[in-house]
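All residue numbers refer to positions in the sequence shown, counting from 1.
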Amino acid sequence: MHGGLGSLDGEGAVLAPMAGFTDAPFRVVAERFGALWTVGEMVMAGSLLRGSAEARALLQPHPEERSRVVQLAGADPDEVARAAALAYGRVRPRAIDLNMGCPMPKVTARGAGAALLDDPERAARMVAGVREATGLPVSLKLRLGFAHVNAVEMARRLEEAGAALLRVHGRTAAQRYGGRADWDRIREVARAVRIPVVGTGDVRTVEDYRARRALGLGVAVARGAVGRPWFFAEVRGEPVPVRLRREAAQQHLRFHLDWYARRGEAWALRAFRGHLKAYLGAAPAPVRARALALERADEVAKVLGAWVGA
């Protein structure tokens with residue numbers, strides 16, 4: 001076990017957080033296919049402390065979840081520590097993940113997310129504060145740096161502050177999602193610290209996964225798992241036939257509709273469209289276009305049953 005987060009010694013991958021995708025229904029499906037653990041969507045610490053309904057909704061776990069990690073973001077170490085204590089009291093996650101890698105200007109302009117990469121002392125205080133406030137393992141989402149690469153120095157400082165695990169995206173914040181993720185740089189980080197390092201970025205196939213594991217790194221998957229939650233079984237060497245893929249997609253739809261039932265079927269189906277588009281990636285373009293316009297759950301389920309894994 002690594003700080004309560006789970007073993008990285010065998011095969012398997014972590015579900016990395018993605019706004020609008022790694023909600024409770026998707027996390028449950030990923031768990032069922034063997035995700036080592038899952039990280040929920042980013043919750044802003046200030047919003048949670050102010051009682052934001054949206055923040056509370058993002059924090060809420062699914063009754064069937066077993067391995068969820070709560071991700072928080074913020075600029076003020078004391079505020080983040082108080083939000084972590086609140087999250088721990090409400091949902092008892094297995095760990096707290098601190099987002100120090102989000103490159104979006106609306107986050108970095110507040111001094112949060114990847115802005116912390118240029119302020120290692122403030123980042124270290126945040127780690128220490130969350131550990132003290134919760135007693136939980138603290139993992140970190142990092143990038144290679146903000147505009148310039150400083151991940152090794154940052155990793156060492158965070159390890160000193162008590163971080164249990166680092167999850168490093170192989171790009172700088174300035175790159176956002178352009179170019180290729182640099183896994184050699186991620187390996188440099190892993191060699192510089194004693195705590196586990198999980199890499200992320202451009203893991204789309206089982207071959208991608210194996211190449212990254214061969215570097216001696218843990219692997220987290222984000223966009224590569226959207227529309228393909230069975231990816232977590234495949235990287236363990238477990239084949240998933242088309243029938244089971246279609247059943248999984250339909251089950252995901254049911255979980256999604258149940259979870260968002262209070263908002264109504266029409267809203268829930270619109271919110272599912274990002275997943276639906278990914279599930280139908282192999283379907284002809286006209287099929288995808290018609291499916292994305294459907295307004296009845298039974299019709300969406302029928303399309304999933306016909307085209308997923310085609």
Is the closest side-chain heavy-atom distance between [X] and [Y] below 4.5 Å?
X    : Y    : value
I186 : V197 : yes
F255 : E64  : yes
L244 : W230 : no
L257 : R254 : no
F232 : L36  : no
P103 : R176 : yes
V39  : L15  : no
R213 : E11  : yes

TODO: For atom CD of E54, decide whether the heavy atoms of other residues, nucleotides or ligands shown that lie under 6.0 angstrom number more than 12.
DONE: no
- [ ] Answer yes or no: are there more than 12 heavy-atom neighbours, outside R110 itself, under 6.0 Å from its atom CZ?
- [x]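 It does not: R110 CZ has 12 such atoms or fewer within range.
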Task: Ion pair check, D202 and R212, cut-off under 4.0 Å - done: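 No, no charged N to carboxylate O under 4.0 Å.
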Indicate if [X] and [Y] have the same hydrophobic cluster label, given that clusters are the connected sets of ILVMFWY residues with side-chain heavy-atom separations under 4.5 angstrom.
X    : Y    : result
V198 : M42  : no
V69  : M44  : no
F146 : M104 : no
Y177 : M18  : no
V130 : V107 : no

Residues two or more places apart in sequence or in another chain: which of them pass side-chain contact (heavy atoms from CB on, under 4.5 Å) with [X]?
X    : value
R50  : S47
E65  : A24, R27, V28, E31, T38, P61, H62, R68
R210 : V206
D182 : L144, D184, R185

Task: Residue pairs involving residues 128-146 (criterion salt bridge (charged side-chain N to carboxylate O under 4.0 Å, His left out); sequence neighbours excluded) - done: none
TODO: Name all pairs fulfilling the salt bridge (charged side-chain N to carboxylate O under 4.0 Å, His left out) condition that reach into residues 214-235, sequence neighbours left out, sorted by first residue then second.
DONE: R228-E234, E234-R245
Open item on the list: Looking at N99 and C102, would you say the former's side chain and the latter's main chain have a donor-acceptor pair under 3.5 Å?
Closed with: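 Yes, N99 side chain to C102 backbone: donor-acceptor pair under 3.5 Å.
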Task: Minimum heavy-atom distance D119-R122, with the two atoms named - done: OD2-NE, 2.9 Å
Open item on the list: So which atom in G111 and which in L116 form the shortest heavy-atom distance, rounded to 0.1 Å?
Closed with: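 Looks like O-CG, 3.9 Å.
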Identify all side-chain donor-acceptor contacts of residues 155-167 below 3.5 Å with residues at least two apart in sequence or on another chain.
from : atom 1 : to   : atom 2 : distance (Å)
R157 : NE     : E121 : OE1    : 3.3
R157 : NE     : E121 : OE2    : 2.9
R157 : NH1    : E160 : OE1    : 3.4
R157 : NH2    : E121 : OE1    : 3.2
E159 : OE2    : R194 : N      : 2.7
E159 : OE2    : I195 : N      : 3.3
R167 : NH1    : D97  : OD1    : 2.9
R167 : NH2    : D97  : OD2    : 3.1

Open item on the list: Nearest 0.5 Å, please: how far is CE in M154 from CE in M100?
Closed with: 5.5 Å
Open item on the list: V14 vs V221, test: side-chain contact (heavy atoms from CB on, under 4.5 Å). Steps then yes/no.
Closed with: CA-CA 6 Å; V14 176; V221 182; over 6 Å; no
- [ ] Determine, stepwise, if the pair V235 / F231 fulfils side-chain contact (heavy atoms from CB on, under 4.5 Å).
- [x] CA-CA 6 Å; V235 299; F231 185 87; 3.4 Å; yes
Got a list of side-chain donor-acceptor pairs under 3.5 Å for residues 297-309, not counting sequence neighbours?
from : atom 1 : to   : atom 2 : distance (Å)
D298 : OD1    : R296 : NE     : 3.1
D298 : OD1    : R296 : NH2    : 3.4
D298 : OD2    : R296 : NH2    : 2.5

TODO: Quick one: which residue pairs count as a side chain to side chain donor-acceptor pair (under 3.5 Å) with a foot in residues 257-272, not counting sequence neighbours?
DONE: D23-Y260
Task: Cation-aromatic face contact R92/Y88, 6.0 Å, 45 degrees - done: yes
Less than 3.5 Å apart, which donor and acceptor atoms pair up between the side chains of residues 75-87 and the rest of the protein, not counting sequence neighbours?
from : atom 1 : to  : atom 2 : distance (Å)
D76  : OD2    : D78 : N      : 3.1
D76  : OD2    : E79 : N      : 2.7

For residues 273-294, please give each side-chain donor-acceptor pair under 3.5 Å, one per line with the distance, not counting sequence neighbours.
from : atom 1 : to   : atom 2 : distance (Å)
R273 : NE     : L292 : O      : 2.9
R273 : NH2    : L292 : O      : 3.4
H275 : NE2    : F21  : O      : 3.4
Y279 : OH     : H252 : ND1    : 2.8
R288 : NH1    : A283 : O      : 2.4

TODO: Supply the members, apart from V242, of the Ile/Leu/Val/Met/Phe/Trp/Tyr cluster built from side-chain contacts under 4.5 Å; use none for a lone residue.
DONE: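 None, because no other hydrophobic side chain comes under 4.5 Å of this residue.
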